[in-house]
Student: 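Below you'll find the structure I mean.
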Amino acid sequence: QKALKLKVFDYLLKPVRKEQMCSALEAVRSELLNRESKNNYVDWAERQLKKSLPYLKESFLKDWVMGNLSDGEIRENLDFYGIHLSDSSGMIVIKVVDKPHKEELIKEQDRLLCVQNLVEKFTEKLEPNIIFKDSKGNIIIIVPIIEQSHWVTLGEKIQQECDKNLDLPIILSQEIIKNGIKDIPKIYQKLIEDIQTSERYTPVVLQAKKYIDNFYYKDDISLQEVAREMQVSPTYLSRLLKQEIGVSFVEYLTQVRLRKAIQLLNDPTLKIYEIAERVGYKSQHYFCTAFKKVLDVPPAEYRKGGVKN
């Protein structure tokens, strides 16, 4: 038993012949070389796995949002990669739009990298977060919603930064994840459809929508202001909006404001008048009137109902 514990190779009984000794030593040498080879292979395999992990993780995330995995496979992979999803989370999908530059064309991978670096900067304090590229080259972001007001403006800030400092136009859509990991594929598909719809708009309408989406909080924003920024006449812009979006300037502005207001209503620390001011209404009365006209209930009652959008 003691010999087994010591992992004895062989027994040599006295007197030991030279041939027996050489044979035993050769067996020991062969075994040690075999063990060394196995250890080297294990070390190599571990190094290769470590190098491959980022690609394997991204492959899992792509399959997850596409709805290609069962609940068991999702949970197994989440545990393996140490990914944790906050109980209150949101998803953002970003598509970088092609834009020819006068001096040179920025390669697609470089444009994506610029935007992804910017996204990482804006979300570095929102832990745990997930950032990756899907199979279509869109940037997917999943972040915890710590404050509703921050979540509401996160997409706007990313878009403004891309337009202003990177000179890279993007199409962005965001949504709250209501039902945990099961909701991921459905939310992803909805956001992709939103982006595909936006891609069909003419450049003027797309930029006008983006301007309204970014500056809805200004109480004096007007059709004339947006048309001036787009360098077209108010009449022409109004007609284009009606043709492509299906609503007038005022109706679209109201939709954006109320959508933002609904999200802010989920924050119990915000007063109704504060929400009204944040989404561009000069008075609480005017805000409540517009809210009830569209949703059939005043904002205070809507909040009590616990409806989340």
Student: Would the distance check show the side chain of Asp267 and the main-chain N or O of Gln148 forming a donor-acceptor pair, the cut-off being under 3.5 Å?
Tutor: no
Student: Can you tell me how far the CG atom of Leu172 sits from the CG atom of Leu154, to the nearest 0.5 Å?
Tutor: 8.0 Å
Student: Considering residues, nucleotides and ligands other than Lys282, do more than 12 of their heavy atoms fall under 6.0 Å from its NZ?
Tutor: no
Student: When you check the side-chain N and O atoms of Thr153 and Glu156, is any donor under 3.5 Å from an acceptor?
Tutor: no
Student: How long is the gap from CG on Leu191 to NZ on Lys95, to the nearest 0.5 Å?
Tutor: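 NZ of Lys95 is found 14.5 Å from CG of Leu191.
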Student: Using side-chain heavy atoms (C-beta onward) and a distance below 4.5 Å, is Val279 in contact with Tyr216?
Tutor: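 Yes, at least one pair of side-chain atoms sits under 4.5 Å.
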Student: I need the minimum non-hydrogen distance between Arg278 and Tyr217, along with the two atoms involved.
Tutor: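 Heavy-atom minimum between the residues: O-CB, 3.2 Å.
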Student: Taking all atoms of both residues into account, what is the closest heavy-atom pair of Phe249 and Ser222, and its distance?
Tutor: CZ-C, 3.4 Å
Student: In a check of side-chain contact (heavy atoms from CB on, under 4.5 Å) between Arg303 and each of Leu264, Asn266, Ile272, which one passes?
Tutor: Ile272
Student: Hey, quick one: are Tyr273 and Leu265 part of the same hydrophobic cluster, counting side-chain heavy atoms closer than 4.5 Å, chains of contacts allowed?
Tutor: no
Student: Enter the distance from Leu206:CG to Ile245:CD1 here, rounded to the nearest 0.5 Å.
Tutor: 9.5 Å
Student: Taking Glu301 for its side chain and Pro298 for its backbone only, find out whether a donor-acceptor pair lies under 3.5 Å.
Tutor: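 Flag not set: sc Glu301 to bb Pro298 has no pair under 3.5 Å.
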Student: Decide if atom NZ of Lys57 counts as having more than 12 heavy atoms of other residues, nucleotides or ligands within a radius under 6.0 Å.
Tutor: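 At most 12 heavy atoms, drawn from other residues, nucleotides or ligands, come within 6.0 Å of this atom.
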Student: Are more than 12 heavy atoms from other residues, nucleotides or ligands located less than 6.0 Å from atom NZ of Lys242?
Tutor: yes
Student: Taking CD in Glu124 as the centre, count heavy atoms belonging to other residues, nucleotides or ligands within less than 6.0 Å. Is the count above 12?
Tutor: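 It does: Glu124 CD has more than 12 such atoms within range.
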Student: Would Leu56 end up clustered with Ile140 when hydrophobic side chains under 4.5 Å apart are linked, directly or stepwise?
Tutor: yes
Student: Under the side-chain contact (heavy atoms from CB on, under 4.5 Å) rule, what do Leu241 and Val247 come out as? Steps first, then yes or no, please.
Tutor: CA-CA 7 Å; Leu241 288 171; Val247 293; over 6 Å; no
Student: Would you say that Val232 contacts Leu240 through its side chain, given a criterion of any heavy-atom pair below 4.5 Å between the two side chains?
Tutor: no
Student: I want to check something: taking the side chain as every heavy atom from C-beta on, are Lys292 and Tyr302 in contact at a cut-off of under 4.5 Å?
Tutor: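 A side-chain contact under 4.5 Å is absent here.
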Student: May I have all residue pairs that pass side chain to side chain donor-acceptor pair (under 3.5 Å) and include part of residues 71-92, sequence neighbours excluded?
Tutor: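 Listed once each, the pairs are Ser70-Glu73.
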Student: More than 12 non-hydrogen atoms from neighbouring residues, nucleotides or ligands closer than 6.0 Å to CD on Glu147, yes or no?
Tutor: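 No, the 6.0 Å shell around CD holds no more than 12 heavy atoms from other groups.
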Student: If you take all heavy atoms of Gln174 and Trp151, which pair is closest and at what distance?
Tutor: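 Here Gln174 and Trp151 meet closest at NE2-O, 3.0 Å.
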Student: Which heavy atom of Asp163 sits nearest to which heavy atom of Lys210, and what is that distance?
Tutor: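 The answer is OD2-CD, 3.3 Å.
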Student: Under the side-chain contact (heavy atoms from CB on, under 4.5 Å) criterion, do His150 and Leu126 qualify, and how do the steps go?
Tutor: CA-CA 10 Å; His150 184 270; Leu126 298 175; 3.8 Å; yes
Student: What is the ring orientation for Phe60 with Trp64, classed by angle as parallel under 30°, tilted 30 to 60°, or perpendicular over 60°?
Tutor: parallel
Student: Could you walk me through whether Glu251 and Ser248 pass the side chain to side chain donor-acceptor pair (under 3.5 Å) check?
Tutor: CA-CA 5 Å; Glu251 288 171 327; Ser248 68; 3.3 Å; yes
Student: Go through it in stages, so that I can follow the logic: the residues are Val256 and Phe215, the test is side-chain contact (heavy atoms from CB on, under 4.5 Å), and I'd like the CA-CA distance, side-chain angles, deciding distance and then a yes or no.
Tutor: CA-CA 10 Å; Val256 174; Phe215 297 104; over 6 Å; no
Student: Any heavy-atom pair between the side chains of Lys136 and Ile195 that's under 4.5 Å?
Tutor: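 No, their side chains stay 4.5 Å or more apart.
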Student: Evaluate the side-chain contact (heavy atoms from CB on, under 4.5 Å) criterion for residues Tyr281 and Ile275: first the C-alpha distance (whole Å), next the side-chain angles of each, then the deciding distance (0.1 Å), finally the verdict.
Tutor: CA-CA 9 Å; Tyr281 288 96; Ile275 295 173; over 6 Å; no
Student: For the atom pair CD (Glu277) and CD (Gln284), what is the distance rounded to the nearest 0.5 Å?
Tutor: 9.0 Å
Student: Ser238 and Leu223: which non-hydrogen atoms are nearest, and at how many Å?
Tutor: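 Closest approach of Ser238 to Leu223, heavy atoms only: CB-CD2, 3.9 Å.
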Student: How far does CD1 of Ile170 sit from CD of Glu161, to the nearest 0.5 angstrom?
Tutor: 10.5 Å
Student: Under 4.5 Å between side-chain heavy atoms, counting indirect links through other Ile/Leu/Val/Met/Phe/Trp/Tyr residues: same cluster for Val204 and Val250 or not?
Tutor: yes
Student: Please name the pair of heavy atoms, one in Leu85 and one in Gly180, separated by the smallest distance, quoted to 0.1 Å.
Tutor: CD2-C, 4.1 Å
Student: What's the separation between atom CZ in Arg228 and atom CG in Leu237, rounded to the nearest 0.5 Å?
Tutor: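 The distance works out to 12.0 Å.
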Student: Which pairs pass side chain to side chain donor-acceptor pair (under 3.5 Å) with one or both residues in residues 194-205, sequence neighbours excluded?
Tutor: Ser173-Asp194, Lys190-Asp194, Thr197-Arg200, Thr202-Glu244
Student: Looking at Lys186 and Asp183, is any side-chain nitrogen of the basic one under 4.0 Å from a carboxylate oxygen of the acidic one?
Tutor: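 Looking at Lys186 together with Asp183, the answer is yes, because their closest N to O distance falls below 4.0 Å.
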Student: Check whether any side-chain heavy atom of Ile141 sits under 4.5 Å from a side-chain heavy atom of Asn129, and report yes or no.
Tutor: no
